[in-house]
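Lettering of chains follows the sequences in order, A, B, ..., and the numbering in each one begins at 1.
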Number of protein chains: 2
Amino acid sequence: MEQVDRPPTLEDVAREAGVSRALVSLALRGSTRVSASSRDRIQDAVARLGYRPNLNARNLAAHLSGILGVLVSDLHNPFFAEVVDGLSAEAAAHGLHVILATGHANQAGERAALETLLSLRPAGIALTGPVLDSATIERAAAQVPLVVVNRLLRSDRLDSVTIDEYAGSALAVDHLVELGHRRITHVDGGAGAGAASRRTGYLRAMRRHGLGDLAAVVRGGFTESAGWDATDRLLRTVGRRDLPGALFVANDYSAVGVLARLGGAGIEVPGELSVIGFDDAHVAGMLSTQLTTVHQPKQAMGRLAVAALRGRQAGRATAQRQVVAPSLVVRGTTAAPGQALS
Amino acid sequence: MEQVDRPPTLEDVAREAGVSRALVSLALRGSTRVSASSRDRIQDAVARLGYRPNLNARNLAAHLSGILGVLVSDLHNPFFAEVVDGLSAEAAAHGLHVILATGHANQAGERAALETLLSLRPAGIALTGPVLDSATIERAAAQVPLVVVNRLLRSDRLDSVTIDEYAGSALAVDHLVELGHRRITHVDGGAGAGAASRRTGYLRAMRRHGLGDLAAVVRGGFTESAGWDATDRLLRTVGRRDLPGALFVANDYSAVGVLARLGGAGIEVPGELSVIGFDDAHVAGMLSTQLTTVHQPKQAMGRLAVAALRGRQAGRATAQRQVVAPSLVVRGTTAAPGQALS
DNA sequence: ATGAAAGCGCTAACAT
DNA sequence: ATGTTAGCGCTTTCAT
């Protein structure tokens, strides 16, 4: 009959190979204390039966799993997809399995996802861009090695990998200033994560260049529509003739909205106005005029996260806060100021 | 001391509440055969201890987990992100946990991810856009309820959820014809999944409109660069004066590349040439001239996948092949033919 | 080098 | 309504 059999167990393999379960267990994990002949017979039995260890049983007995739990706050955000990529590559390189859970970028969803992850008793947990409250995160960190990516948390129970947002903003402003711009306006990220640092970085950089008086911030957000709206407001407020020479936008999505609104008004980029983004999202390289932006080493961040987790597993008890450096990617939306007032 | 305690177990809760483990187990899963007073005491104990069930133990004992394994072939593809979203929403609605594994769109990676998933002994597995060979998939389907999203497999051991690619192509061609176009060229998806069906659907639709002789296919792919290259080739081959009136591109990413190349050549869209994509990817709505495209109900596909899995769990033994219908989203890149030869 | 036996934390009959 | 008793499939002393 078309009967789905119970999957073979360690015991089945042991019987098939004519040895004890303990020996199979050892052999499976590559112990050296198993004779070559036994090892071969066991391998054969495994292949013949199509045996696959039951991780639930293994984890239960071993009190330790080769599983890394990764909470992705928002799957739609390609930023996290990149981080997860680096993460899983590094995990695989060390024989670790990655389990992903997603929280739809809201606290309740993330809390539930974190619960699931914790229930699986993983060897470590990585939180990418969590919107979760810090108390919940710290509580989790007491149970399992935990690393937070893209959010800084002051706690020595957990590690973090973040990017230097200030430096990123400085990179953007410096580039624009070098091109000859002076009136540089910032379309910020509103209340989004990292928005405050990018804003502060911008203000500092402007002041450093003696341009503090020309600094101006218009409220934005991290979505295209936020960028569109902000630009729309800017156009209404200052009018087309009084536009700044350059716009430093808090992230690439928002910058796409900015460009769309600008295009609608017939304003030429970068001829009339320069635009620079932040993140080096996939979309930045896909526009007909490709976006100049601040690159974040996302894959590297994922790899560093795994390294931190492994460090904890190896016994490190002190917090490790990695801050990675962004870099500038000059593409097509920035140029020296043209006829417009710079 | 700063000691991370062993997490509390069912036994700890039972002791704390002064009842047996079995009763706690029942109460935890909401059995009605538990008195109100016991239930309260147990709830208290759970809260006091911060108890969280060990899913490894639970799954091991129950031979069944509330876990759905989802294999995402490529996290970078927002298409899958959407599907997973629908999937996890539906799963959550039925008290199921979703575990994601990713395969980086290559067979070896997917095979490893599938192994991990199977080892976790989930209640069901959903494969989204797998590039895996069908034999491996069928083998997995013998062990656990399995549904394949976005790829059709002839097997009655597994269910599938796909979109009607032919209908999608027909929608695109019909729209263009209604606008008055006759010379409609297809930039295809090359060897990509679904590309063949979209191509066939295009050819059929052209013939149905009596436009079989005007049908032309240029080799493309599912990436922006593929679209860019294809358009570049087209421009060289037929020359700018002899361009068709409309381009039906196999997916939105490719369409972005097409638009970029067209923009570079100073060809106006949709004034001089209409362009229509396929997928309704996020990017389609983000361009300065938003892309007209064929929408795929991605979230719904995710929900249907979970429904199929639940059907199998409930005992259904026959294959269920769901084919969802696409729809047309008219935006800014299509219009009636202008001065160019239509 | 190999085996016997005792759990890991939970569920599931079967009692009462 | 509640408790007892076996396991689930694996790892891990501790023997030999």
Student: Where do A/Asp159 and A/Arg312 come nearest, in terms of heavy atoms and distance?
Tutor: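 Heavy-atom minimum between the residues: OD1-NH2, 2.9 Å.
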
Student: Roughly how many Å is it from CG in A/Leu120 to C1' in C/dC10, rounded to a whole number?
Tutor: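 Rounding to the nearest Å, CG of A/Leu120 and C1' of C/dC10 are 15 Å apart.
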
Student: Measure from the side-chain heavy atoms of A/Ala62 and tell me the nearest of D/dG9, D/dT11, C/dT2.
Tutor: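 When the side chain of A/Ala62 is considered, D/dT11 is the closest of D/dG9, D/dT11, C/dT2.
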
Student: Starting at CG of A/Leu28 and ending at P of D/dG9, how long is that distance when rounded to a whole Å?
Tutor: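 Distance, rounded to whole Å: 15 Å.
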
Student: Which is true for A/Arg58 with a 4.0 Å heavy-atom rule: it touches a base, it touches only sugar-phosphate, or it touches nothing?
Tutor: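 Sugar-phosphate, no base atom in range.
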
Student: From CZ of A/Arg21 over to P of C/dA4, roughly how many Å is that when rounded to an integer?
Tutor: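 So the CZ-P distance, A/Arg21 to C/dA4, works out to 10 Å.
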
Student: When we call it a touch if two heavy atoms are under 4.0 Å apart, what does A/Ala22 touch: a base, just sugar-phosphate, or nothing?
Tutor: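 The answer is base, as A/Ala22 lies within the cut-off (heavy atoms under 4.0 Å) of a base atom.
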
Student: Taking the side chain of B/His63 as heavy atoms from C-beta outward, which of D/dT2, D/dG9, C/dT2 is closest to it?
Tutor: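 Nucleotide nearest to B/His63's side chain: D/dG9.
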
Student: With nearest nucleotide decided by heavy atoms, which residue, A/Arg29 or A/Leu60, maps closer to the 5′ end of DNA chain D?
Tutor: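 On the 5' side of the pair lies A/Leu60.
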
Student: Please check the phosphate of D/dT11 (OP1 and OP2 only) for any side-chain N or O of A/Ser25 closer than 4.0 Å.
Tutor: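 Yes, A/Ser25 has a side-chain N/O under 4.0 Å of OP1/OP2 on D/dT11.
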
Student: Nearest to the side chain of B/Ser20, which nucleotide is it out of D/dT4, C/dT11, C/dT2?
Tutor: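 The answer is D/dT4.
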
Student: Want to settle it: does A/Ala36 or B/Pro53 sit nearer the 5' end of DNA chain C, counting the closest nucleotide to each?
Tutor: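 Counting from the 5' end, the first nearest nucleotide belongs to A/Ala36.
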
Student: Are any side-chain N or O atoms of B/Arg151 and backbone N or O atoms of B/Pro130, one a donor and one an acceptor, separated by less than 3.5 Å?
Tutor: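 Checked: pair present.
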
Student: Starting from C1' on C/dC8, measure out to CG on B/Asn56 and report it in whole angstrom.
Tutor: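 Nearest whole value for this atom pair: 10 Å.
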
Student: Whole angstroms only, please: what is the CD-C1' distance between A/Glu11 and D/dT11?
Tutor: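 Interatomic distance, CD of A/Glu11 to C1' of D/dT11: 14 Å.
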
Student: Heavy-atom nearest nucleotide on DNA chain D for B/Leu26 versus A/Ala61: which residue maps closer to 5'?
Tutor: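 By nearest-heavy-atom nucleotide position, the 5'-most residue is B/Leu26.
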
Student: Give the rounded distance in Å between these two atoms: CG of A/Asn54 and P of D/dT11.
Tutor: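 Taking CG of A/Asn54 and P of D/dT11, I get 10 Å after rounding.
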
Student: Examine the side chains of B/Arg21 and B/Ser25 and answer whether a donor and an acceptor come within less than 3.5 Å of each other.
Tutor: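 There is no such pair (donor and acceptor under 3.5 Å, judged by atom type) between the side chains of B/Arg21 and B/Ser25.
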
Student: In whole angstrom, give the distance that lies between atom CG of B/Asp40 and atom C1' of D/dA1.
Tutor: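 Atom-to-atom, B/Asp40 to D/dA1, this comes out as 15 Å.
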
Student: For atom CZ of A/Arg321, decide whether the heavy atoms of other residues, nucleotides or ligands shown that lie under 6.0 angstrom number more than 12.
Tutor: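 Result for CZ/A/Arg321: enclosed.
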
Student: Quickly work out the B/Arg6 CZ to C/dC8 C1' distance and round it to whole Å.
Tutor: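 Those two atoms, CZ and C1', are 11 Å apart.
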
Student: I'd like to know if the side chain of B/Lys298 and the backbone of B/Asp279 have a donor-acceptor N/O pair within less than 3.5 Å.
Tutor: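 At least one qualifying donor-acceptor pair exists.
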
Student: Please pick, from C/dT2, D/dC10, C/dC10, the nucleotide with the shortest atom-to-atom distance to any side-chain atom of A/Ser38.
Tutor: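 Of C/dT2, D/dC10, C/dC10, C/dT2 is nearest to the side chain of A/Ser38.
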
